[in-house]
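Only one structure is covered here, and it is reproduced in the block below.
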Amino acid sequence: MILLVPALALFIVACGGDDDGGGGGDDGGGSSDEPIKIGFLSTCEGAFGAFYEATAGGFNVPLIQRGAEPVSDTPSDGVEGAEIAGRPVEVVGYGCSDETPEVAVNEARRLVEQEGADILVGPLSGDEGIAIANYAKEQPDKTFVNGAAGAQDATLKVQAPNFFRFHTDGAQWSAGVGEYAVEELGWKRAAVIGDDYSFAQTSAGGFIADFCANGGEVVKRIWPSLGETDYSSFIAQIPDNIDGIYTAIGGEGLISFINQYIEQKGPIEPDEMIGNLFVDDPIVLKEIGEEVVGVTVSGNTAADATGPDVEEYLDRLSVYPEVAEAGASVFVYHYYGAMEAVAKAIEQLDGDISDVEKFHETLANMELTGPEAPYGDVRLDENRQAISDNYIKQVVPGEGGKPPTVKTIARVPQVDQQFGGAFTPDTPSPDRKNPECKDYDLPWEGKLEPVDFESGESGE
Amino acid sequence: MNISVRSAPLTRPEKIGLGVIAVVALLAPVIFSNFFLSALLTQAIWLGLVALSLIFLSSYGGMVSLAQVAIFGIAGLVTANLSEAEGGLSVAIDPWLAAIIAILVAVAVALIFGAIASRSEGIYFLMITLAFGVMVYYFFGQVTSLAGHGGVNNVAIPGIVGDRVNDPASFYYVSLAVAAACYFGLRYLGRTPFGLTLQGIRDEPTRMRALGYHVEVHRTLAFGVAGLVAALAGVLFVWWGRRIGPGAVELATVIDVLVVAVIGGLYRLHGAWVGALAFVLLDNYTRRWTPEIGDILGPERFNTLLGLIFLAIVLISPGGLVGAYESLRDRVRAYFAGRRGDVQEDASLAPPAPDGASGAAAGAPADRPNGPVAAQADVTFQRSKTQTATPEIGGEE
């Protein structure tokens, strides 16, 4: 066999050499010369690959705002000279997953165990988030701050003490929209269609809980696979005798779904469709354009919001013009919030994060306000899950040939993950059949605050 | 120099090389960083095992099966569901018992797959096994009570094995022991009457059938054996990553395993680990090393570089890395040995085997082109493939 293999062995020894210190022996670096190592994890392939640079931009901006220089207009090229509280900060890698938990965990391992990241910011997608939260339990001395993954289980069920999520989850993004459907759109019977995985089921679960709590009935739940390309057989399953459909299809699939829906069912009646945050994501709206004008959506950002905090936030993003255009995209906003929280926590500890427990405690008590969280203050609950505002919005035509945008209708203040007890660590995870459609007791029932940003009536 | 089928003696540098490998493998936990040991070497071991099951079927049975990843996944899925875990059934029985049941289930499924696939040949065989693979993938994704897109997380592992983060050395040794057992077991099997018959069937199914051998039964049993190896890999994989989901058995993984087998060398059992190690190292390090060439290439497009490297390996050496080495070695030998054409003396009794019929891998392929069976005019699909991979003979003009 064999000459080849000693050569390989030598190669391995050579490779093995440069990984020293990446093997988990790092303690977070107590001395002030040692850089704090941060890893970034998002998806650059698969259904959400299009959001990669948006997430990288959101992640870089808090570092740039603290003096780092972007290497180029492409956010994933990285930043130079990053420093927080006088401590140098090194971004050890921009990890790339494909929305499968397998690849996400492999990338996390590479960033944490090989590149020696003390802190990992990411991932993007629901099931990845659950897998990374589980991985966090294997690495108790490292810190994991979720990027944009919105599956409920990642915080409510897994409860890793070193996993933090500074944005609301998929169900929270649906808070209030069920009530809006019943009260304003007059829905009594609805169907739900969504990707067959944890985030979409969390997202739809929030709608179902909110809709049923207000007396609505969900008559059908349809779950095409994530990344499906042909939705025709699923669209055919949508019953006729319903008042409307809630769609929780994300990423590239949504574009195919909308087009095929129109082919099969005719133009979308605005009062008969509600979408989750993917429908009004600025990056997606560019693609599906006019087709969804008038449709109701919900989520924790409001693209039409004005005021000094939003302006300051967009100004910070302006180093990357394309990212700034999509400031209300949850992918930009959530990665920005995650990195901002990390940076603030490091500042509060004067750059010394060698005491990991203290660092975790600081993060757990962190609040994001003002331009750090321009769409609503953020604080964490006991499972290190964000509590923040949610918005009911409507897609409206863009001005002067621009792609459509949204007009915010109402705000649901300070939504918590557990929906006042509808979701607890002991209730079944949102899946194809759960949550049940029954009368939940929601804290925000009947308390939707009307909002009109255009006339400056922000409700604050 | 007398290359015979039974005793192809290792040359001195080869013996030294083997010794170095053995020592490096045994001392790996001391030599390498924890990450290298737990994430790369251990991964190469279980990935190599899956490839081994494919290489076994291909080299001994002439069956390039794309269903091995499915068997691997089934073993992993059963282990994960029977053990304590988040997601799945979480039956929470003892992890060892879970693993044993998983292996039995996987082998049973492999036998069923084998019984169906063994009746077909060539491209149809490829399609049938691919269909099995895709079927299992959709089963994983669709049966949400067992897995679903998110899979099963945080699977409990037996204490002795140790988890890969806190106790990488013991997990590594367990994997190494399993791999060694599989390797030597399969080599032994290749020399048994069963193994020899299988090789006969690989080359001349019609003739073997005429001689009274039950071709389908032998192929099915070979599937079962390969299934056992793949199942062991599946259990190791779940204990290693502590999770499994559809991503573990998707088409990309099937291709990865095929790539591992091909770059290692589809016709040598040890090629599985040569290929796996090369694959894992390239997969990991191309992310750093990929040069920036305009918009065409860059670290974020490491997959492109990876693909180019694999393409180059296969183009330069159809026998993969092992084939490249053997071809090089034979050239060197030929250079030193001059013209000694007495190579095929006692090859007459042996089928043109890769590892099995020869004591060691070395030398065996040299017999193939002129071996008695291969000399027959009837060239089957499988054999024409084996021949592509055959390195040049030492004593050739």
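Here is how names work: the chains are called A, B, and so on, in the same order as the sequence lines, proteins then strands, and each is numbered from 1.
- The candidate from A:N134, A:D98, A:V158 with the greatest count of non-hydrogen atom pairs under 4.5 Å with chain B is A:N134.
- Using a 4.5 Å cut-off between heavy atoms, B:I244 contacts chain A through its backbone alone, with no side-chain atom that close.
- Judged by the 6.0 Å and 45° rule, A:R109 forms a cation-pi pair with B:W240.
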Test B:R243 against A:E102 for salt bridge (charged side-chain N to carboxylate O under 4.0 Å, His left out), laying out the working first. CA-CA 8 Å; B:R243 69 174 317 285; A:E102 283 75 16; 3.1 Å; yes

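- The contact between A:E107 and chain B is made entirely by side chain atoms (from C-beta outward), counting heavy-atom distances below 4.5 Å.
- A side-chain N or O of A:S198 and one of A:D127 form a donor-acceptor pair less than 3.5 Å apart.
- The six-membered or imidazole ring of A:Y335 lies away from that of A:F59, with a centre-to-centre distance of 6.0 Å or more.
- Taking the charged nitrogens against the carboxylate oxygens, A:K137 and B:E86 do have a contact shorter than 4.0 Å, which makes a salt bridge.
- Under a 4.0 Å N-O distance rule, the pair A:R221/A:E436 does not qualify as a salt bridge.
- Contact of A:R432 with chain B is made through the side chain alone, with heavy-atom distances under 4.5 Å.
- Only the side chain of A:N106 has a heavy atom closer than 4.5 Å to any heavy atom of chain B.
- Contact count versus chain B (heavy atoms, under 4.5 Å) is highest, among A:V103, A:D196, A:V105, for A:D196.
- For B:S38, the part lying near chain A is the side chain, with the backbone staying farther off; criterion is any non-hydrogen pair under 4.5 Å.
- Atom CD in A:Q152 sits 7.0 Å away from atom OG in A:S429 (nearest 0.5 Å).
- In summary, the side chains of B:R187 and B:Y183 do present a donor paired with an acceptor at a separation below 3.5 Å, with no hydrogens or angles considered.
- Contact of A:E128 with chain B is not made at all, since no heavy-atom distance falls under 4.5 Å.
- With hydrogens and angles disregarded, no donor-acceptor distance shorter than 3.5 Å links the side chain of A:T74 to the backbone of A:S76.
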A:F144 and A:F163: ring pair (Phe, Tyr, Trp, His ring centres under 6.0 Å), yes or no, with the steps? CA-CA 5 Å; A:F144 295 82; A:F163 183 87; 7.2 Å; no

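- The stretch residues 141-149 of chain B places B:G141, B:Q142, B:T144, B:H149 near chain A, each with some heavy atom under 4.5 Å from a heavy atom of that chain.
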